[in-house]
Amino acid sequence: MENKSKDFLRRVVEKDLKSNKYNKIVTRFPPEPNGFPHIGHAKSISINFGIAKDYQGHCNLRMDDTNPTTEDTQYVEALKDAVEWLGFDWEGNVRYTSDYFDEIYNYAIRLIKMGKAYVDSLGEEEIREYRGTVKSVGKRSKYAERSITENLELFEKMKNGEFSEGKHILRAKIDMSSPNMKMRDPLLYRIRHAHHFRAGDKWAIYPMYDFAHCLSDYMEGVTHSICTLEFENNRDIYNWVLDTLSLNPPRPYQHEFARLGINYTMMSKRKLLELVENDAVNGWDDPRLPTIAGYKRRGYTPQSILNFCEGIGIAKANSMVDVAQLEFSIRDDLNTKVPRVLCVMNPLKVTITNYQGSEEIEASYYPHDVPKEGSRKLPFSKEIYIDRSDFKQNPDKGYFRLTPNQAVRLKYAYIISCQEIIKDENGEIIEIKAEYYPNSKSGEDKSGIKVKSAIQWVEKNAAKEIEVRVYDRLFKNEAPQGIEDLNPNSLQIIKNALIEPAVITDKPDERFQFEREGYFYADPIDYSSEFPVFNKIVGLKESSAKKKKAPQVVEKIKKIQIDGEVVAMSEDQEALFEKYTKEDKLNSEVANTLARDKKLSAFYQEALNELKSPINLANIISNEVARELKSKEINELKFSPKQIAELIKMIDDELISTKIAKVVYEEMAKSGKNPKQIVESKGLIQISDPKILLPIIEEIIDKNPDNVEKFRGGNTKLLGFFVGQVLKATKGKGNPKVVNLLVGERLKD
RNA sequence: UGGGGUAUCGCCAAGCGGUAAGGCAUCAGCUUUUGGUGCUGACAUUCGGGGGUUCGAAUCCCUCUACCCCAUCCA
């Protein structure tokens, strides 16, 4: 279990713990209380609280309530409820960004005093214009020139409510020409004469997300601030604020993951609201909604939601999870937990003509493979109901249930066979006259009759009538956009389903499996024993024979990709390219890489002056050195062209393998040590002597007989496996060319 | 002057230079008094495309392509 692969966030956390960057990790779940939480929030809750739990840390629940016009306390209740329902504990008080307003305000003043923030008095329209566009730089407002004292005064007045909304704004002074739009002097505070649901009317100014969030994280001692991908661009501000305020360490860092998408589901708060407001659904807890309240009302267990979140993983790729995965989670959870019970959704009367009197049949609540105890008595008499779909006068091939010439077992009871079909004037079947086999009773069956199916049934007089709400997916499209994509049949209400009496009278549970139908939940609001109402949580999995859909053959078409045009080389680059290919005999790809990059070509030239080994030099420079030079200048490098030349010299002299060369290079790039020194101190001279290599190879081969067999069976890829093992055994020092040869030969016989 | 991300099976997703994990879905077979469950097996000669480096590349380099995010006084 411990070897399970970790997601990238947990890996970061582990690294930070190991390096003692933090000695305890703190996360937070920071929703804005402006809507009902949905399964996307569940993912975030599962990540933040889950990570805290896994690493003995702590997770805060924080309401990010910086926008008084959209937020409300009913949402904070729903949010708290969601976290609790999922089984997490925020230990202590719920946090509110609004509780930090004073401190955040003081930080703003500090920024002003540092000359890093200013009061801007441009209008909304102008601010937008000044910001520039994605492809053009912005320009700074003239108000950025205001003196610190003036800024302080103005900001104070803003706070005191002396200005109307939109009159002024506090901005950070960063860079109006930043390629990151978010960094073009981001807004820090805006004037808002609104009542805040917690702070009341104390404030006339409210901090923006970008200012409040990082500081709130910092004040709470958060170490890992985990949010969704769309905040990637905001990370720069996050860091800027915390860095320029030069706060006492440790400070939090932001990490982003992909938000959850599920097909046939809509997750946007705004659009969800639209559904509720247009009465397309019955409130926020409509069981068809992907809200936590919806799932809860539908009958999903917290565990199933958590399992789902764990199952889908955490990554940075935008993705769309199949609803089937969610449905699996709830089935899988309920399968081992919930009593099985008989319910007939669509009753068809069956009279057993040769049965007299009545009896009670003992029936276990759980099937043989669920290790739980419990049973009830099923009343039985000559008049029963079965489901309409369990009888067919003219069955297709492969139909397992009752037909004029096929007997069926009444689950836990007797085998019956059809004697007569009674129809009404419209030709609709209204009753079946059947006979039972007295010696076929479950558990004491001596009839010798083999049936293909055992169906659910209820006794006519004892059965209770219930309402069943059968839910289907809310949308008919895989990627629904809104109301227009609604599935018209997402709710079907069955008013007079019949259920065995024990379910209502004993109420052994709230969730049941109605055998052969699915999992159902006693509606927490509308259910009463006089008027029982059940929600269908999810159907049972149906295998092919039952749904008898033709398997679809999807042809795989390889997409043809048209390459775009490559930017032409400049004249200088062209000349270099010429030289590289003609004089130095470099291949055109390497020559191209070198010629197009000033830093690389300069580096290469210098190295070449040290050692006339153009190809090997060019190769390592266009590959390894290029990586380093992506983010650095030549003078920032810890190593020189001369050292690279030295390294290549060792390869040329066959002192070391290219594999070792990479190791040496890494070390050199990190420490700046001389390659020769590294090789000597670590004893990395390569081993090419077969006399030394052969015994090692022998040992590896002995240890992996099954892989030898597979290799001989034609899996030639395994050669790489053996080479890898041998190289590992020699700590990388084996000459891979020689090892390859030797292993190849040895494996043949 | 654009920048920041992402791409591995139908859907998620591991993998960090040495045998392409796992789950969902699907398809077989066995078990089954649920057409459920369970068990067994099948399911990527290949990692968005093309090159290059290497004995060896999903992993390193170059390049192209596609998709997502950013120009709210929202978060």
Side-chain angles (χ1 to χ4, degrees), chain A residues 4-5 31-32 34 64 66-67 70 124 127-128 131-138 165-166 169 177-182 184 187 189-192 208-209 213 229-235 256 258 263 311-313 315-322 324-325 328 331 335-336 340 367-370 400 409 411-412 442 445 451-456 513 515-516 540-546 551 554 559-566 587 589-590 592-593 596 619-620 622-624 626-627 657-659 662 707 710 715 717-725 727-728 735-741:
Chain A
K4 268 216 325 213
S5 58
E32 182 190 11
N34 70 344
D64 207 6
T66 57
N67 186 356
T70 57
E124 208 172 328
I127 286 188
R128 202 184 348 269
R131 187 143 38 209
T133 72
V134 116
K135 295 205 190 267
S136 63
V137 299
E165 288 186 14
I169 197 133
S177 59
S178 170
N180 179 356
M181 295 296 293
K182 296 271 182 196
R184 322 252 254 228
L187 276 46
Y189 266 95
R190 78 288 216 182
I191 299 170
R192 201 96 319 162
M208 305 287 290
Y209 165 86
H213 202 92
L229 246 29
E230 65 267 29
F231 291 100
E232 272 171 330
N233 296 317
N234 301 59
R235 189 174 55 221
E256 311 88 9
N263 59 8
I312 56 174
K316 296 190 80 157
N318 285 315
S319 54
M320 189 66 80
V321 178
D322 196 333
Q325 184 114 13
F328 164 80
R331 278 193 204 108
N335 178 42
T336 54
R340 315 294 141 119
H368 64 95
D369 49 355
V370 173
F400 288 179
R409 174 176 295 281
K411 180 120 197 193
Y412 306 117
S442 232
D445 185 356
V451 291
K452 286 189 176 141
S453 188
I455 62 172
Q456 72 272 29
Q513 186 194 99
E515 291 211 39
R516 305 208 306 130
L540 257 27
K541 195 174 159 178
E542 290 187 6
S543 47
S544 52
K546 204 169 177 185
V554 185
K559 270 183 277 175
I560 299 163
Q561 206 161 273
I562 301 156
D563 276 7
E565 233 170 89
V566 182
N587 80 40
E589 198 60 36
V590 172
N592 187 47
T593 306
R596 281 175 183 273
N619 283 344
I620 194 168
S622 70
N623 285 289
E624 315 306 314
R627 179 168 59 251
S657 63
T658 48
K659 188 185 173 77
K662 293 213 175 172
N707 275 338
K710 275 198 232 165
N715 190 348
K717 268 184 309 188
L718 253 21
L719 183 63
F721 163 75
F722 285 108
V723 173
Q725 293 296 308
L727 254 31
K728 205 171 167 189
N735 181 334
K737 284 184 196 170
V738 178
V739 171
N740 248 294
L741 216 69

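Below, chains carry the letters A, B, ... as their sequence lines are ordered, and counting in each starts from 1. Values below: every heavy atom of this structure, side chains too, minus hydrogens, waters and symmetry copies.
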So, is U72(B) syn or anti if syn means the angle is within 90° of 0?
syn

Given atom CG of Asn707(A) and atom P of G18(B), what is their separation to the nearest angstrom?
16 Å

For the C1' atoms, the ones on A71(B) and on U63(B), what distance do you get once it is rounded to whole angstrom?
30 Å

Would you say G36(B) has OP1 or OP2 under 4.0 Å from some side-chain N or O of Arg331(A)?
no

For Leu718(A) and Asn707(A), which heavy atoms make the closest approach, and how far apart are they?
CD2-O, 3.6 Å

On a heavy-atom basis, which atom in Arg409(A) and which in Asp445(A) lie closest, and how many Å separate them?
NH2-OD2, 2.7 Å

Rounding to a whole Å, what distance do you find between Asp322(A):CG and A13(B):C1'?
14 Å

Above 12 or not: heavy atoms from other molecules or residues under 6.0 Å from NZ of Lys316(A)?
yes

Determine the interatomic distance between C1' on A21(B) and the same-named atom on G51(B); round to the nearest Å.
30 Å

Side-chain atoms of Gln561(A) come closest, of C64(B), C62(B), C61(B), to C64(B)

Without decimals, in angstroms, what is the distance between Lys659(A) NZ and G17(B) P?
9 Å

Counting the atoms with a prime plus P, OP1 and OP2 as sugar-phosphate, which does Arg340(A) contact under 4.0 Å by heavy atoms, base, sugar-phosphate, or nothing?
base

Taking N or O atoms only and anything under 3.5 Å, show me the protein contacts with nucleotides 21-23 of chain B, one pair per line.
unit_1 : atom_1 : unit_2    : atom_2 : d
G23(B) : N2     : Gln325(A) : OE1    : 3.0

Distance, P atom - from C69(B) to C27(B), rounded to whole angstrom:
35 Å

Asn263(A) versus Met320(A), closest heavy-atom pair with distance
N-SD, 3.7 Å

With a 4.0 Å cut-off on heavy atoms, is Lys710(A) in touch with a base, just the backbone sugar-phosphate, or nothing at all?
base

Return a single string for nucleotides 70-75 of chain B, one symbol per nucleotide in 5' to 3' order, where B is base contact, S is sugar-phosphate-only contact and - is none, cutoff 4.0 angstrom on heavy atoms.
BBSBSB

Which distance, rounded to the nearest 0.5 Å, do you find between the CZ of Phe231(A) and the CG of Leu229(A)?
11.0 Å

Check whether any side-chain N or O of Asn619(A) sits under 4.0 Å from OP1 or OP2 of U54(B), and answer yes or no.
yes

Euclidean distance for P, G35(B) against C68(B) (whole angstrom):
45 Å

State plainly whether the residues Glu232(A) and Arg235(A) are in salt-bridge range, i.e. N to O under 4.0 Å.
no

Separation between the P atoms of C62(B) and G5(B), rounded to whole Å
15 Å

Look at Ser319(A) and A13(B) and indicate whether a side-chain polar atom (N or O) is within less than 4.0 Å of OP1 or OP2.
yes

So which nucleotide from U53(B), C55(B), G36(B) ends up closest to the side chain of Asn587(A)?
U53(B)

Under 5.5 Å between ring centres and under 30° between planes: does that hold for Phe721(A) against the base of G18(B)?
no

Could you go through nucleotides 57-59 of chain B and list every protein N or O atom that sits under 3.5 Å from one of its N or O atoms, giving the distance for each pair?
unit_1 : atom_1 : unit_2    : atom_2 : d
A57(B) : N6     : Lys662(A) : NZ     : 3.4

Output the rounded distance in Å from CZ (Arg409(A)) to P (G35(B)).
13 Å

Checking N1-N3 plus N6-O4 or O6-N4 for Watson-Crick, or N1-O2 and O6-N3 for wobble, each under 3.5 Å, the partner of U6(B) is A66(B)

For Leu727(A) versus Pro736(A), what's the shortest heavy-atom pair and its separation?
CD2-CB, 4.2 Å

Without decimals, in angstroms, what is the distance between Glu232(A) CD and U6(B) P?
7 Å

With a 3.5 Å cut-off and heavy atoms only, can you find an N or O donor on one side and an acceptor on the other between the side chain of Asn592(A) and the base of G52(B)?
no

So Val370(A) and Gln513(A), side chain to side chain contact (heavy atoms under 4.5 Å, CB included) or not? Walk me through it.
CA-CA 13 Å; Val370(A) 173; Gln513(A) 186 194 99; over 6 Å; no

Indicate whether OP1 or OP2 belonging to G36(B) is found under 4.0 Å from a side-chain N or O atom of Ser543(A).
yes

Over how many whole Å does the gap from Arg235(A) atom CZ to G4(B) atom P extend?
11 Å

Rounded to whole Å, please give me the gap between NZ in Lys728(A) and P in C55(B).
22 Å

Gap separating the NZ atom of Lys710(A) from the NZ atom of Lys717(A), nearest 0.5 angstrom:
9.5 Å

Please round to the nearest 0.5 Å and tell me the distance separating atom OG1 of Thr66(A) and atom CZ of Arg190(A).
5.5 Å

Both distances under 3.5 Å, Watson-Crick or G-U wobble: report the partner of G18(B), or none.
C55(B)

Whether the side chain of Glu542(A) and the base of G35(B) hold a donor-acceptor pair under 3.5 Å is what I'd like checked.
no

Under 4.0 Å between a side-chain N or O of Lys316(A) and OP1 or OP2 of A14(B)?
no

Which whole number of Å gives the distance between the P atom of G41(B) and that of G22(B)?
11 Å

Taking atom P in both U26(B) and A14(B), what distance in whole Å separates the two?
23 Å

Base, sugar-phosphate, or nothing: which does Lys411(A) touch, judged by heavy atoms less than 4.0 Å apart?
base

Sugar-phosphate only, base, or nothing, as touched by Val590(A) at under 4.0 Å among non-hydrogen atoms
sugar-phosphate

On RNA chain B, compare the nucleotides closest to Asn263(A) and Leu718(A); which residue's is nearer the 5' end?
Asn263(A)

Would you check, one step at a time, whether the test side chain to side chain contact (heavy atoms under 4.5 Å, CB included) holds for Glu515(A) with Arg340(A)?
CA-CA 6 Å; Glu515(A) 291 211 39; Arg340(A) 315 294 141 119; 3.5 Å; yes

Leu540(A) near the nucleic acid: base, sugar-phosphate alone, or nothing, with a heavy-atom cut-off under 4.0 Å?
base

Asn623(A)-Arg627(A) side chain donor-acceptor pair, cut-off 3.5 Å
no

Nearest 0.5 Å, please: how far is CE in Met208(A) from NE2 in His213(A)?
14.0 Å

Counting the atoms with a prime plus P, OP1 and OP2 as sugar-phosphate, which does Tyr412(A) contact under 4.0 Å by heavy atoms, base, sugar-phosphate, or nothing?
base

Within the structure shown, what part of the strands sits under 4.0 Å from Ser453(A) by heavy-atom distance: base, sugar-phosphate, or nothing?
sugar-phosphate

Using the P atom in both, what is the distance from U72(B) to C11(B), to the nearest Å?
34 Å

If you round to the nearest 0.5 Å, how far is NZ of Lys411(A) from OG of Ser453(A)?
9.5 Å

Report the residue (Gln513(A) or Ala315(A)) whose heavy-atom-nearest nucleotide on RNA chain B is the more 5′ of the two.
Ala315(A)

Measure from the side-chain heavy atoms of Lys135(A) and tell me the nearest of G50(B), G2(B), U45(B).
G2(B)

Rounded distance in Å - CG (Asn318(A)) to P (A13(B)):
10 Å

What's the separation between atom CG in Asn587(A) and atom CG in Asn619(A), rounded to the nearest 0.5 Å?
7.0 Å

